[in-house]
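Just so we're on the same page: letters track the sequence lines, and every chain starts at 1.
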Amino acid sequence: MIRVRFAPSPTGYLHIGAARSALFNWLFARKVGGKFLLRIEDTDLQRSTDESTRSIIEGLEWLGLDYDEDIVFQSANAPQHRAAANRLVAEGKAYRDFTPKEKRDDASIKQGIADRARAQSTEGSDHRSNPYRDLPREESDRRAAAGEPFAVRLKVAHEGKTSFEDIVYGAQERNYSEIEDLALLRSDGHPLYNLSVVIDDIEMGITHVIRGQDHITNTHKQILLYDALGTPVPKFAHLPLILAPNKGKLSKRKHGEVVSLTTYRERGFVPAAFRNFLALLGWSPPDTKEIMKLEELTQEFSLEGIGRANAIFNFQENDPRHWTDDKALWMNAEYIRTISRDQLLPMVKAELRANKLWREEYEDEDREWFAKTVDLIRQRFHTLKDFSSQGRAYFSDDFDFEDAAVNKNLKKGPRLKELLPALADRLEEMDPFTAETSEAALRQYAEEQGVKAGLLINGSRTMLTGQAVGPSMFEVFAILGKDRSVTRLRSGVPWF
RNA sequence: GGCGCAUUGGUGUAGUUGGUUAACACGCUGCCCUCUCAAGGCAGAGAUCACGGGUUCGAGUCCCGUAUGCGCUACCA
């Protein structure tokens with residue numbers, strides 16, 4: 001039985017890179033009939049928050065990625081992690097390190113690492129030079145018993161190398177000389193990442209570890225741990241990273257909300273669309289078809305189809321039109337205009353409701369009208385937000401007139417101030433009032449008045465919707481109905 | 001500093017065991033359609049396949065080197 005897991009640390013919003021890892025894990029599990037598990041890596045108590053855990057769970061739910069079995073909270077397994085470390089010490093595979101803990105400040109950590117490495121190479125010391133590495137057991141036990149604080153480190157052999165066959169990146173090797181005696185337990189007894197991950201993965205029966213490429217180095221350390229523990233090593237598939245447009249790391253601090261999955265929900269993305277877009281970042285289907293529903297994605301997905309080069313998430317921070325990747329935006333629009341009514345209507349309902357535009361009749365006697373209206377306007381919308389902003393005039397009489405539209409379609413034709421109310425009089429007599437009859441009436445009236453039909457059409461569009469763009473005007477007349485059409489044509493509102 | 005990975009048009013990606021004019025999607029330009037804007041249709045611009053060597057009759061595809069980028073290198077995860 002194949003078992004995979006998504007193991008985020010709850011230290012903030014759900015990053016789109018993490019969301020993609022979750023997606024790939026899920027697709028793989030569903031494709032092969034395995035289990036997809038969720039583990040919250042909350043061992044860093046200071047940084048972990050419940051709110052973040054909630055956002056991760058909600059994010060997965062939004063993307064439609066359901067997980068099997070109960071969520072595992074890593075912090076709950078700390079006793080097992082400690083026990084494993086102690087067992088390794090007892091077996092002589094790990095040792096207590098009584099070196100006093102160094103003070104580190106996070107800001108300069110990377111620099112510190114490089115500096116230390118430089119210093120180490122010049123003074124000739126290596127990863128095996130820890131003075132406590134070969135401390136006699138009796139002395140180690142005595143000092144521990146006396147209450148002296150210590151960290152626990154894995155005893156990595158002097159000679160040898162780790163190797164594994166990465167499903168994405170191929171054969172990987174690392175000399176032991178490149179690997180330090182990694183810390184397993186902090187001097188306060190707190191288990192560290194690499195230990196916890198391995199113990200939990202073993203405990204959960206994980207067979208395939210699918211995670212970001214930034215973990216490749218960790219994988220070598222973890223293999224050492226599997227070996228020390230005498231446990232079979234799972235298969236690994238590392239994923240290329242998602243980078244910012246400058247090829248740098250995508251981070252909240254630098255790039256803001258565009259990296260947070262929550263943003264896409266808040267800004268009107270259809271979950272299926274974003275999921276589809278995410279799937280195409282680093283993975284490509286066997287054929288050229290890119291728009292795929294979940295079932296298709298699942299069917300086509302394979303670890304072998306994952307590329308090795310990091311992908312750039314292409315967006316322009318200062319341009320509202322391109323606030324996120326163009327292709328994601330395009331895909332969202334594509335979904336909005338093509339998904340079934342049954343799928344779309346609930347999303348539109350939520351959007352309208354959030355903006356106090358929803359009326360219960362839309363699910364009752366005005367049900368058909370609502371569906372037809374949505375079908376009419378969805379064609380040119382890019383996000384669900386558009387239903388409450390650009391689409392506002394269809395659901396409320398309280399809508400704004402865009403200055404540009406008023407200038408272009410109304411004020412440039414001074415006669416419209418009289419023509420439009422007069423047109424309203426004509427329309428009022430139509431029965432039935434349909435796209436066809438209103439068109440006939442408008443065109444005839446334009447001819448009588450010696451003006452172009454377009455003048456009346458565009459003027460009407462702005463009077464009825466406040467905008468310069470929108471669906472075919474006669475469809476709008478029909479959808480809005482005679483009363484509202486006539487009333488809006490007569491209202492002098494935008495003229496003042 | 002060390003180790004590792006990557007490098008195909010602006011972006012996401014295809015390019016099978018090396019073989020004619022490097023393919024698809026988004027974006028971009030123009031035209032058509034038309035009451036506007038989209039959508040749609042048609043046409044088009046844009047890649048010396050990072051660079052330099054080499055192997056070969058022939059290389060985006062194999063080898064070596066260089067550059068650039070990214071990742072890791074922590075008693076963070």
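- Rounded to whole angstrom, the span from the CG atom of A:L423 across to the C1' atom of B:C35 amounts to 13 Å.
- Residue A:P10 is out of contact with every strand shown, counting any heavy-atom pair closer than 4.0 Å.
- In this structure, A:P471 reaches the bases: a heavy-atom distance under 4.0 Å links it to at least one base atom across the strands shown.
- In this structure, A:L280 and A:F474 both approach RNA chain B, and ranking their closest nucleotides by distance from the 5' end singles out A:L280.
- Neither OP1 nor OP2 of B:U73 sits under 4.0 Å from any side-chain N or O of A:R174.
- One can place CD1 of A:I312 at 9 Å from P of B:U13, the figure rounded to the nearest angstrom.
- Checked against B:A25, B:C35, B:A77, the side chain of A:K327 finds its nearest nucleotide in B:A25.
- Distance check on atom C1': B:C35 versus B:G27 gives 28 Å, rounded to whole Å.
- One P atom belongs to B:G46, the other to B:G30, and the distance between them is 16 Å to the nearest Å.
- Aromatic ring centres of A:F387 and A:F381: separated by under 6.0 Å.
- At B:A14, none of the side-chain N or O atoms of A:T288 fall inside 4.0 Å of OP1 or OP2 (strictly under the cut-off).
- Taking the six-membered ring for Trp and the full ring otherwise, the centers of A:W323 and A:F313 sit at least 6.0 Å from each other.
- In the set B:G27, B:C37, B:U11, the nucleotide with an atom closest to the side chain of A:D326 is B:G27.
- Of the candidates B:G4, B:A77, B:C35, B:A77 carries the atom nearest the A:N194 side chain, counting heavy atoms from C-beta on.
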Q: Check step by step if side-chain hydrogen bond (donor to acceptor under 3.5 Å, both in side chains) holds for A:S21 and A:R211.
A: CA-CA 6 Å; A:S21 288; A:R211 70 213 321 183; over 6 Å; no

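- Side-chain to base pairing of A:S187 with B:C75: one donor and one acceptor N or O lie within less than 3.5 Å of each other.
- Among the protein residues, A:S472 comes within range of the nucleic acid bases, having at least one heavy atom under 4.0 Å from a base atom.
- Geometrically, A:R153 does not engage A:Y95 in a cation-pi contact defined by less than 6.0 Å to the ring centre and at most 45° from the axis.
- For A:E475 and B:A39, the CD to C1' distance is 15 Å, given to the nearest whole Å.
- Nucleotide B:C51 has B:G65 as its partner under the Watson-Crick or G-U criteria, with both atom distances under 3.5 Å.
- Here, B:G60 and B:G19 have their P atoms 10 Å apart, quoted to the whole Å.
- If you check B:A77, B:A25, B:C70 against the side chain of A:N310, the one that comes closest is B:C70.
- Within the shown strands, B:C70 is the pairing partner of B:G4 under the Watson-Crick or G-U definition, both distances less than 3.5 Å.
- In this structure, A:R20 is positioned above the aromatic face of A:F24, its NZ or CZ under 6.0 Å from the six-membered ring centre and within 45° of the axis.
- Atom CZ of A:R39 and atom P of B:A77 are 13 Å apart (whole Å).
- Minimum atom distance to the side chain of A:S284 is reached by B:U13, of the listed B:A77, B:U13, B:A6.
- Distance from the side chain of A:W330 is smallest to B:C26 among B:C26, B:C76, B:U36.
- Counting any heavy atom pair closer than 4.0 Å across all strands shown, A:A309 reaches sugar-phosphate atoms only and no base atom.
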(Q) As a quick check of understanding, evaluate side-chain hydrogen bond (donor to acceptor under 3.5 Å, both in side chains) for A:T219 and A:H238, giving each step before the final call. (A) CA-CA 10 Å; A:T219 300; A:H238 289 92; 2.8 Å; yes

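- Closest heavy-atom contact between A:L63 and A:A19: CD1-CB, 4.0 Å.
- Look at the P atom in both B:C28 and B:G65: the space between them is 43 Å, to the nearest Å.
- Remark: the separation of the P atoms in B:U11 and B:C51 is 15 Å, to the nearest Å.
- Taking the C1' atoms as reference points, B:U7 lies 15 Å from B:G52, given to the whole Å.
- Distance from the side chain of A:A311 is smallest to B:G12 among B:G12, B:C76, B:C70.
- The distance between atom OH of A:Y169 and atom P of B:C72, rounded to the nearest whole Å, is 13 Å.
- A donor N or O paired with an acceptor N or O is found under 3.5 Å between the base of B:C37 and the side-chain atoms of A:R380.
- Backbone-only contact: A:K249 has heavy atoms under 4.0 Å from sugar-phosphate atoms and none from a base.
- Listed nucleotides B:C72, B:C70, B:C75 differ in distance to A:K101; the shortest reach to its side chain belongs to B:C75.
- Salt bridge A:E296/A:K289: present, at least one basic N to carboxylate O contact under 4.0 Å.
- Residue contacts for A:E180: at a heavy-atom cut-off of 4.0 Å it reaches the sugar-phosphate backbone alone, with no base atom in range.
- Using atom C1' as the reference point in both B:C26 and B:U68, the two lie 26 Å apart (nearest Å).
- Residue-to-nucleotide contacts include no donor-acceptor pair under 3.5 Å from the side chain of A:R153 to the base of B:C75.
- A:T43 comes within 4.0 angstrom of the backbone, heavy atoms only, and of no base.
- At the heavy-atom level, A:N175 lies nowhere under 4.0 Å from the strands shown.
- B:C24 and B:G9: their C1' atoms are spaced 13 Å apart (whole Å).
- Taking for each of A:E41 and A:E334 the nucleotide of RNA chain B with the nearest heavy atom, the 5'-most of the two is the partner of A:E334.
- Between the CZ atom of A:F164 and the P atom of B:C72 there is a distance of 15 Å, given to the nearest Å.
- Residue A:R378 places no side-chain N or O under 4.0 Å from the OP1 or OP2 atom of B:A38.
- Between A:N175 atom CG and A:E159 atom CD the span is 8.5 Å, to the nearest 0.5 Å.
- Here B:C76 presents its C1' atom at 11 Å from NZ of A:K221, a figure rounded to the nearest Å.
- Of the listed nucleotides (B:G71, B:C76, B:U36), B:U36 has the atom at the smallest distance from the side chain of A:R461.
- Nearest nucleotide to the A:R308 side chain, out of B:C75, B:A77, B:A6: B:A6.
- In this structure, A:L278 places its CG atom 19 Å from P of B:U11, rounding to the nearest Å.
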